[in-house]
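As the structure lists them, so they are numbered: ligands from 1, and atoms in each ligand from 1. We use all heavy atoms of the structure for the numbers below, so side chains are in, but hydrogens, waters and symmetry mates are not. Source: prediction; values computed, not measured.
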Amino acid sequence: MKLVTIIGARPQIIKAAALSRAIRNHYADQIQEVIVHTGQHYDDNMSQVFFDELQIPRPDYNLHVGSASHGVQTARMTEGIEALLIKEQPDFIVLYGDTNSTLAGAIAAAKIHVPIVHIEAGLRSFNKSMPEEINRIVCDHCSTLLFTPTKAGLENLKREGFPMDNDGPFTIDNPKVYHCGDIMYDNSLHFADIAEEKTDIIQRLGLAEKPFILATIHRDSNTDQPERLSAIFKALIKLSKECQVVLPLHPRTEKLIKTNLNEDLQKQIFSCTNIKLLPPVSFLEMVALERHAQLVMTDSGGVQKEAYFFKKPGIILRPETEWLEIVETGNAILADADESRIMQAWQHFKDNPPTAFPEIFGDGHAAEFMLEQMLLTNTRK
Ligand code: UD1
Ligand code: UDP
């Protein structure tokens, strides 16, 4: 079986590590994987670092699309992916999540009848002002095999009319939905101890003795709106009076701090010794930070979940989340970009540190399950 895997943005490169590892360890004689990097993320610390650290095979192709508006970026990727699909003639194209790289892969493949495998299917924010919501809906509705990591994802697909008890052969018109674990959980389990051995970020930053909050911010709805970005940073400054804050900055955020925050706020942030601003960190460093943090504050989809995997309370800097379960179990609070709600959530978790994190993301072997299903349903075998 031949797979073409599309990656482009940081979280996709990380997710792809789990599938490539499972192919290498269990299916090397049955599955050939051709990796296509769209070039959506290109800085070394947003891309190359993950290949070096997570033993992901070097991409067979890089489309080098870089940054651009949604339309331009997606069009460049679609053109490049289409040409490669025609050349490679894979049995399936594998798409992760909800980025513009996902959307481009879905459009290119569906139109020339290459069956799509969507990993992380069914997630919905019910907020179509998010570019990701458009991307994931299009991708799901063009897919042949849909792997949903959560019950909420399964329910969303049911509601949108996907059949649940259908028999093969599976096609774009008779798609198959599987509820399985989360491929990101596979990675977190796999790399947790490796991260402890191979990184020294906790010692290097002097974080071993004093508690700290780990924060990430990159969602366009936060970075691109000055009042929202300001509210988040005002809350971080308040929090830093009680607890250290570690904030690896996405390049988008680094750029927009300078244009969207007033000079006074910028000065306060850059001079605050209790806020450690870092360039994007590697995945192993991120895992170490997540394991040692007291609490995680984020607008990232992946980081929300990783906080849960490592049994840390989360403050979600968004009005809604696709990962309903982590809020429903009481382990994360939706605080939006609202200074007082962020402070209330912090106080809540200080008074009531969560203790129960039910296993809702599978058993750490989602990748193997997905590959088994692809092998079973591959009609060209
Ligand atoms: C993208 C995804 C988002 C995902 C995030 C993961 C879309 C629509 N959004 O958002 O769903 O959560 O990746 O991190 O696909 N930049 C650099 N260097 C890089 C990459 C980006 O400087 O290596 C800067 C550029 O100024 C660029 C901006 O970041 O314009 C945004 O990058 P882009 O890939 O368009 O979107 P993200 O915000 O990263
Ligand atoms: N991550 C990382 N370094 C960082 C920030 C995040 O390795 O400096 C990892 C994080 O552990 C998770 C993934 O990147 O696995 C999440 O990506 P991101 O927050 O960029 O996007 P999202 O998940 O929101 O799409």
**Item:** Region of Ile14 that comes within reach of ligand 2 [heavy atoms, distance under 4.0 Å]
**Value:** side chain
**Request:** For atom 39 (O) of ligand 1, grab the closest protein heavy atom and report residue, atom and distance to one decimal in Å.
**Result:** His41 NE2, 2.8 Å
**Request:** Decide, yes or no, whether a salt bridge links Lys2 with Glu88 under the criterion of side-chain N to carboxylate O below 4.0 Å.
**Result:** yes
**Message:** Tell me whether Asn274 contacts the main-chain N or O of Ser240 through its side chain, where contact means a donor paired with an acceptor under 3.5 Å.
**Reply:** yes
**Salt-bridge criterion met for Asp193 and Arg291 (N-O under 4.0 Å)** = yes
**Asked** Relative to the heavy atoms of Glu132, which atoms of ligand 1 are at a distance of less than 4.0 Å?
**Response** 3 (C), 9 (N), 11 (O)
**Request:** Of the side chain and backbone of Ser282, name the one, both, or neither that has a heavy atom under 4.0 Å from an atom of ligand 2.
**Result:** backbone
**Request:** For the pair Lys176 (side chain) and Gly168 (backbone), establish whether a donor and an acceptor sit closer than 3.5 Å, ignoring hydrogens and angles.
**Result:** no
**Closest contact, heavy atoms only, Ile202 versus Ala288** = CD1-O, 3.8 Å
**Item:** Protein contact of atom 18 (N) of ligand 1 - nearest heavy atom, named by residue and atom, plus distance
**Value:** Asp43 OD2, 2.9 Å
**Asked** Do Arg10 and ligand 2 have an N or O pair less than 3.5 Å apart?
**Response** yes
**Message:** Using a 3.5 Å cut-off on N or O atoms only, is Gln40 in polar contact with ligand 1?
**Reply:** yes
**Which segment of Pro11 sits under 4.0 Å of ligand 1 when only heavy atoms are counted** = side chain
**Fill in**
Going by the 4.0 angstrom heavy-atom rule, the piece of Met184 near ligand 2 is side chain
**Message:** Would His218 count as being in polar contact with ligand 1, using the rule that some N or O on each side must be under 3.5 angstrom apart?
**Reply:** yes
**Request:** Spell out, as yes or no, whether a donor-acceptor pair under 3.5 Å connects the side chain of Tyr308 to the backbone of Pro358.
**Result:** yes
**Protein contact of atom 17 (O) of ligand 2 - nearest heavy atom, named by residue and atom, plus distance** = Pro11 CB, 3.6 Å
**Message:** Need the ligand 1 atom indices (1-based, order shown) with element for anything under 4.0 Å from a heavy-atom of Asn100.
**Reply:** 7 (C), 8 (C), 15 (O)
**Item:** Element-labelled atoms of ligand 2 that are located less than 4.0 Å from some non-hydrogen atom of Arg219
**Value:** 24 (O)
**Item:** Geometric N/O contact Tyr42 with ligand 1, under 3.5 angstrom
**Value:** yes
**Message:** Which of the numbered atoms in ligand 2 are under 4.0 angstrom from any heavy atom belonging to Phe50?
**Reply:** 7 (O)
**Prompt:** For ligand 2, is any non-hydrogen atom under 4.0 Å from Ser300's backbone (N, CA, C, O), its side chain (CB onward), both, or neither?
**Reply:** both
**Prompt:** Which one of Thr102, Asp140, Thr144 satisfies the side-chain hydrogen bond (donor to acceptor under 3.5 Å, both in side chains) criterion with His118?
**Reply:** Asp140
**Item:** Minimal non-hydrogen separation, Ile116 against Cys139, with atom names
**Value:** CG2-SG, 4.5 Å
**Item:** Residue part near ligand 2, for Glu132, under 4.0 Å between non-hydrogen atoms
**Value:** neither
**Fill in**
Per-atom filter on ligand 1: closer than 4.0 angstrom to a heavy atom of Lys255 are 17 (C), 22 (O), 24 (C), 25 (C), 26 (O)
**Message:** Please give me the minimum heavy-atom distance between Ile172 and Ala110, naming the atom from each residue.
**Reply:** CD1-CB, 4.1 Å
**Request:** Kindly say whether Gly122 contributes a backbone atom to a donor-acceptor pair with the side chain of Asn156 at under 3.5 angstrom?
**Result:** yes
**Request:** Considering heavy atoms of the protein only, find what lies nearest to atom 23 (O) of ligand 2 and give residue, atom and distance to 0.1 Å.
**Result:** Gly302 N, 2.8 Å
**Asked** Looking at atom 10 (C) of ligand 2, what's its closest protein heavy atom, distance included?
**Response** Glu306 OE1, 3.3 Å
**Message:** Looking at Glu339 and Lys238, is any side-chain nitrogen of the basic one under 4.0 Å from a carboxylate oxygen of the acidic one?
**Reply:** yes
**Prompt:** Once the angle between the rings of Tyr185 and Phe309 is folded into 0 to 90°, is it parallel (under 30°), tilted (30 to 60°) or perpendicular (over 60°)?
**Reply:** tilted
**Asked** Would you find a donor on one side and an acceptor on the other, under 3.5 Å apart, between the side chain of Asp60 and the backbone of Ile35?
**Response** yes
**Prompt:** Is it true that Glu290 lies under 4.0 Å from ligand 2, counting heavy atoms only?
**Reply:** yes
**Item:** Among Arg252, Met46, Glu254, closest by any non-hydrogen atom to atom 36 (O) of ligand 1
**Value:** Arg252
**Centroid-centroid distance, Phe162 to His141, less than 6.0 Å** = yes
**Asked** Can Thr216 be said to touch ligand 2, with heavy atoms closer than 4.0 Å?
**Response** no
**Fill in**
Out of Thr298, Val281, Val303, the nearest non-hydrogen contact to atom 3 (N) of ligand 2 is supplied by Val281
**Item:** Which residue and heavy atom of the protein sit nearest atom 25 (C) of ligand 1, plus the separation
**Value:** Ser67 OG, 3.4 Å
**Message:** Can you tell me how the ring of His218 sits relative to the ring of His250, calling it parallel under 30°, perpendicular over 60° and tilted otherwise?
**Reply:** parallel
**Request:** Could you tell me whether Asp224 and Arg219 have a side-chain N and a carboxylate O separated by less than 4.0 Å?
**Result:** no
**Request:** Answer yes or no: does an N/O atom from Ser101 fall short of 3.5 Å to an N/O atom of ligand 1?
**Result:** no
**Numbering as shown, the atoms of ligand 2 that approach Pro248 to under 4.0 Å (heavy-atom distance)** = 8 (O)
